Asker: 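Quick one: the structure is below, and I'll ask about it shortly.
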2 protein chains.
Amino acid sequence: MSLKHAILVLLETEPGSGYDLLKRFREHMGYFWNASHQQIYQQLKWMHEAGWLEASTEPQQGKPDRKVYELTPQGHEALLAWLAETSKPEKINDSLLVRLYGGHLRDTENIRAEMAHHRTLYEQNRAALLSIEQHYLALPKAEQQRYRFPYLTLRRGILSVEAWLDWADEVDAFLNHP
Amino acid sequence: MSLKHAILVLLETEPGSGYDLLKRFREHMGYFWNASHQQIYQQLKWMHEAGWLEASTEPQQGKPDRKVYELTPQGHEALLAWLAETSKPEKINDSLLVRLYGGHLRDTENIRAEMAHHRTLYEQNRAALLSIEQHYLALPKAEQQRYRFPYLTLRRGILSVEAWLDWADEVDAFLNHP
DNA sequence: TAATCATATGCAATTTTTTGCATAACTGGA
DNA sequence: TCCAGTTATGCAAAAAATTGCATATGATTA
């Protein structure tokens, strides 16, 4: 219900194309928001038709034209209205945990392998997030002030990934002492 | 894509009605799986038509009949096939963080109130999870062994909620020292 | 040199989820 | 006694997300 609003937040900071948004979701919001390119282009189309966004076409040689979107006053209004709403708690659907819940039906080796695979992904993710944090902490105070809210979301990502890894340690210990 | 499989896992442990499943999701899987009653009844209908489930109708006086579902051999097969698949990382879409990312457009009081509201929910959740854990730890060893996989998912819930609360402390400190 | 990855966009069909409505009785508290 | 909550199920429509397909070029790498 709020990919539209996530897009509004990103475009309010800086105008961009669908592809730009895809990269921003992946690079800066990967921990708390995920969207496919199809989803993004669909929503941009809808938002443009609804008058939330204005599009300007940048011709490029050899490649399809880049469509750069930015907020209209109506888009800005829609964003402020959404920010004023009361939010519902996050809806979590984590299939890894469903699969572990049914662990008695599985081979322990299979569980171990799945955990190891996810651990690798989480460790890569942690490294990426910590590197972004280092970059932020090296900024002058004025710049830090500017990115203070994105930084808070980054901290959430870091604490969350670390909690996952702590849990994975518990699971490994558990699987080794049945 | 896997509410069907979450239902299979629950029904494999113990047959039940749609309403039973709703309660089990809420009470035991609330941390990692959420589904509405409409969604559950729709999926049960599909799964029954697909031959994954067998239904028996328990007449009740005054109330609509209770339909108790249990796995057919095909349902069991579908579950095992799903458990053997390699799983994708969890898809997280957390609107609270999108809203915080755009915090510069908001009133600090509004952010504080939203955080306080979610904190209350997480604290209640933590208390509930810790109480289930105490219950588990009081069980005789044999019973603990039986519920070892659900217990691992419970630990995930606990670590995860605690990480959220730690983060909320950071956010509060941050909002008080701008 | 072939294959893959990154850039850049989009349609169409299907599946999944959400929202709104509908029914009906029992139970506990203000 | 009324009101809210719990038990118990479901349909229909709309919105959102996924999957599969389609196009086209430039850069890197095996």
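Please read these numbers as outputs of a predicted model, since none were measured by experiment. Here is the naming used below: chain letters follow the sequence lines, and residue numbers restart at 1 for every chain.
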Asker: How many Å lie between CD1 on A:Ile92 and P on C:dT17, as a whole number?
Answerer: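 It is 15 Å, rounded to the nearest whole Å.
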Asker: With nearest nucleotides of DNA chain D determined for B:Lys23 and A:Ser36 from heavy-atom distances, which residue corresponds to the more 5′ nucleotide?
Answerer: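 The 5'-side residue here is B:Lys23.
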Asker: For B:Lys67 and D:dG10, is the shortest distance between a side-chain N/O and OP1 or OP2 below 4.0 Å?
Answerer: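 Looking at the OP1 and OP2 atoms of D:dG10, one of them is under 4.0 Å from a side-chain N or O of B:Lys67.
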Asker: Rounded to the nearest angstrom, tell me the gap between atom NZ in A:Lys91 and atom P in C:dT19.
Answerer: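 Atom NZ in A:Lys91 sits about 9 Å away from atom P in C:dT19.
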Asker: Atom CD of residue position A:Glu77 - does it have more than 12 heavy atoms of other residues, nucleotides or ligands inside 6.0 Å?
Answerer: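 Count not over threshold, so no.
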Asker: Establish whether the base of D:dT19 is bridged to the side chain of A:Gln39 by a donor-acceptor pair shorter than 3.5 Å.
Answerer: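 Side chain to base: no pair present.
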Asker: How long is the line joining NZ of A:Lys88 and P of C:dT17, in whole Å?
Answerer: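 After rounding, the gap between these two atoms is 15 Å.
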Asker: Given C:dT7, is OP1 or OP2 found less than 4.0 Å from the side-chain N or O atoms of A:Tyr19?
Answerer: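 The answer is yes; a side-chain N or O of A:Tyr19 sits under 4.0 Å from OP1 or OP2.
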Asker: What distance do A:Arg99 atom CZ and A:Asp94 atom CG have between them, rounded to the nearest 0.5 Å?
Answerer: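 Interatomic distance, A:Arg99 CZ to A:Asp94 CG, rounded to 0.5 Å: 11.0 Å.
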Asker: I need the CZ-P distance between A:Arg24 and C:dA6, as an integer number of Å.
Answerer: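 In whole Å, C:dA6 P and A:Arg24 CZ are 19 Å from each other.
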Asker: Quick one: on DNA chain D, does B:Val68 or A:Trp46 contact a more 5' nucleotide (nearest heavy atom)?
Answerer: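 Comparing both residues, the 5'-ward one is B:Val68.
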Asker: For D:dA15, does either OP1 or OP2 sit under 4.0 Å from a side-chain N or O belonging to A:Lys4?
Answerer: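 No, A:Lys4 has no side-chain N/O under 4.0 Å of OP1/OP2 on D:dA15.
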Asker: Would you mind reading off the distance between A:Gln38 atom CD and C:dT15 atom C1', rounded to a whole angstrom?
Answerer: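 Going from CD in A:Gln38 over to C1' in C:dT15 covers 14 Å.
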Asker: Round to a whole Å and report the spacing from CG of A:Asn93 to P of C:dT16.
Answerer: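 That distance rounds to 13 Å.
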Asker: Quickly work out the B:Gln43 CD to D:dG10 C1' distance and round it to whole Å.
Answerer: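 Interatomic distance, CD of B:Gln43 to C1' of D:dG10: 14 Å.
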Asker: Under 30°, 30 to 60°, or over 60°: which ring-plane class applies to B:Trp82 and B:His5, parallel, tilted or perpendicular?
Answerer: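 Rings of B:Trp82 and B:His5: parallel, as their planes differ by under 30°.
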Asker: To the nearest Å, how far apart are B:His37 NE2 and D:dG5 P?
Answerer: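 Rounded to the whole Å, the gap is 16 Å.
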Asker: Look only at the side chain of A:Thr153 and the backbone of B:Leu97, and say whether a donor-acceptor pair between them is shorter than 3.5 Å.
Answerer: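 It does not hold such a pair.
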Asker: If the cut-off is 4.0 Å, is B:Tyr41 near the phosphate of D:dT9, judged by side-chain N/O to OP1 or OP2?
Answerer: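 Yes, B:Tyr41 has a side-chain N/O under 4.0 Å of OP1/OP2 on D:dT9.
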Asker: What about A:Gln42, does its side chain sit under 3.5 Å from the base of D:dT18 through a donor-acceptor pair?
Answerer: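 Yes, the side chain and the base share a sub-3.5 Å donor-acceptor pair.
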Asker: Could you tell me if B:Glu133 and B:Tyr151 have a donor-acceptor pair between their side chains, going purely by distance under 3.5 Å?
Answerer: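 B:Tyr151 vs B:Glu133: donor-acceptor pair found between side chains.
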